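Right, one structure below, let's go through it.
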Amino acid sequence: METSLPIPKVPRLYSFTRSFRFVHHPLDVLGQYVDNYGPTFQWYIAGMQKCILSTDPGFIQHVLQKNHRNYNKSPLQSEKLAHFLGQNLLTSNGSYWLRQRRLIQPGFHKQRLAGLFNIMQKVIDESLEELDRELEKSSEIDIFPQMMDMAFRIVARSLFSTNLAEAELQQLKYSITMLQEFLIRTIRQPYLAPWFKISGKQRFHEKINAKTDEVILNIIHRRQKSSKQPDDLLQMLLDARYEDTGEGMTDRQLISESAVLFTAGHETSANALTWTWYLLAQHPKAIQQLRAEISEVCGDAPVTFADLPQLPYCRQIIEESMRLYPPAWITDRTAIANDEYQGISIPAGTMIVPYIYGAHHDPAYWENPEAFQPERFAPEKRKQQVPFSYLPFGGGPRLCIGNNFAMMEMQLIIATMIRRYKLELVKDYPVEVEALVTLRPRYGVKLKMKKM
Ligand code: HEM
């Protein structure tokens, strides 16, 4: 029997007919639903999976923080994603997740991040030398693949530092990209599952996944045999000991946690950086203010770890960019037991979709929501923001474990590059949002760049 919820409902048939447009233009479809049905409504993903979607910060906070114990990651993450990635921080629930989180969290504390700063700086310098060579060939460049490559290398080196050969890095990049693309198709078009099996696509991707695991396991084994113990994330994972048993993680766990740091940690940052360049290229005054801030703090010297907190405007620019273009634009949970939020009944098993993009663009919480205004994130303004109206890194106990890592990486990249290059948008190049696992530019972002 259908449980009735006292909230607006998008009819199932309408959800199904809109699902074809939803595959390629989810933001349009969801934006229309929000306009027509309000901030919280019932809807069917692909016309099949019933869920409650909400842009209401109070509702989102209830699910992610206040009553988080009643909400697990939905089967999309805990089963579909886990099928490839295994059980790890991102895909697990309950006591297993808590144990992993407690074990791994210290590796992301600020003082540990200081150790990764030099690795990041080296990767950025190498990548920019490569970019300079590209720019000698043509001053017009798509900045998205550049940011993807830089962010991938940063995560790869932060994890495996010297133990990673270039061929392995390329293999991991290829596999992770392929697997992500396949996964999104299995989620968006679940009715294609039989076809994926018959056509061999499922098996093909299983093989890619096995190869990824093999590459990571080889790296782990090389490290275990090595006398050198670099200050990187793999060493942190290897050294971590469970409080209760005093034991470390198994190889299977190490593979799975490494793989998830790659997956969660590169495309998100690359998107945020690309959108930040897109916005900056249209706001020369913001560039001017940013350059002035950096030169006041750093002079002509390279940016250091200690400089980052002294660059608040740089941070505000990134925060505003992630408000307009949140890389993780949506997430999901499933209710374990019956629950209620302000008269809305939430039966056990209901899938909840906190719609992050919708919250970030809601005129009820953001004046002139489509405008780029980094000043919104000035400390005194930030205090006035409604909790959970801004959540690029999620919220509650499952807040992104890599948020400080990502902010450090992004600030360093933006501050380094904005002093090195003049930039403007290539005229008439189409820039369009594509909402896949992350919010990316469908055709990239073409910039005209010149070394200063
Ligand atoms: C701009 C960059 C990033 C954004 C916008 C972002 C966003 C998010 C969001 C929204 C969540 C919560 C998802 C949910 O509650 O359902 C999350 C979780 C997670 N992120 Fe990030 N992330 C970023 C960078 C990173 C980096 C650099 C790493 C690692 C190196 C990372 C690792 C993770 C992991 C492991 C989780 C799962 C945490 C848990 O459930 O305990 N992320 N991220």
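Throughout, residue positions are numbered sequentially from 1 according to the sequence presented. Both counts, for ligands and for their atoms, begin at 1 and track the order of listing. The structure displayed is predicted, hence computed values, not measured ones.
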Which bit of [X] is near ligand 1, meaning a heavy atom under 4.0 Å away: side chain, backbone, both or neither?
X	value
Met410	side chain
Arg101	side chain
Phe393	both

With atoms numbered from 1 as shown, which atoms in ligand 1 lie under 4.0 angstrom from a non-hydrogen atom of [X]?
X	result
Trp97	39 (C), 40 (O), 41 (O)
Gly394	10 (C)
Ala328	7 (C), 10 (C)
Phe405	27 (C)
Ser269	1 (C), 2 (C)
Arg333	14 (C), 15 (O), 16 (O)

Write out the residue and atom name of the closest protein heavy atom to [atom], then the distance separating them to 0.1 Å.
atom	value
atom 35 (C) of ligand 1	Ile401 CG2, 3.6 Å
atom 33 (C) of ligand 1	Ala264 CB, 3.6 Å
atom 24 (C) of ligand 1	Thr268 OG1, 3.5 Å
atom 36 (C) of ligand 1	Leu90 CD1, 3.7 Å
atom 26 (C) of ligand 1	Gly265 CA, 3.4 Å

Indicate whether any N or O donor in one side chain lies under 3.5 Å from an N or O acceptor in the other, for [X] and [Y].
X	Y	result
Ser269	Glu409	yes
Arg376	Gln316	no
Ser175	Gln171	yes

Would you list the pairs meeting ring-ring contact (aromatic ring centres under 6.0 Å, His included) in which at least one residue belongs to residues 228-260, sequence neighbours left out? none

Glu409 to ligand 1, any heavy atom closer than 4.0 Å: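 Distance cut 4.0 Å: Glu409 fails for ligand 1.
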
If you define the side chain from C-beta out and look only at heavy atoms, does anything of Pro354 sit under 4.5 Å from Phe59?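 Pro354 does not reach Phe59 side chain to side chain.
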
Contact between Pro392 and Tyr390 at the side-chain level, heavy atoms closer than 4.5 Å - yes or no? yes

In terms of the angle between their ring planes, are Phe182 and His205 parallel, tilted or perpendicular, with boundaries placed at 30° and 60°?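 Geometry flag for His205 against Phe182: parallel rings.
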
When the ring planes of Phe152 and Phe262 are compared, do they come out parallel, tilted or perpendicular, using 30° and 60° as the limits? parallel

Considering only heavy atoms, which of Leu64, Leu439, Thr438, Thr331 lies nearest to atom 13 (C) of ligand 1?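 When every heavy atom of Leu64, Leu439, Thr438, Thr331 is considered, Thr331 comes closest to atom 13 (C) of ligand 1.
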
If you measure from atom 17 (C) of ligand 1 to every heavy atom of Ala406, Cys400, Pro392, which option wins on shortest distance? Cys400

Taking distance alone, with N or O pairs closer than 3.5 Å, would you say Arg398 contacts ligand 1? yes

Can you list everything that forms a side chain to side chain donor-acceptor pair (under 3.5 Å) with Arg99? Sequence neighbours excluded, please.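 Counting only residues at least two positions away or on another chain, Arg99 forms a side chain to side chain donor-acceptor pair (under 3.5 Å) with Asp244.
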
What I want to find out is whether Arg440 reaches Glu267 closely enough, with some N-O distance under 4.0 Å, to be called a salt bridge.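 Counted as a salt bridge, because a side-chain N and a carboxylate O are separated by less than 4.0 Å.
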
Answer yes when Glu257 and Arg252 have at least one side-chain N-carboxylate O distance shorter than 4.0 Å, and no when they do not.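 Result for this pair is no, no salt bridge flagged.
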
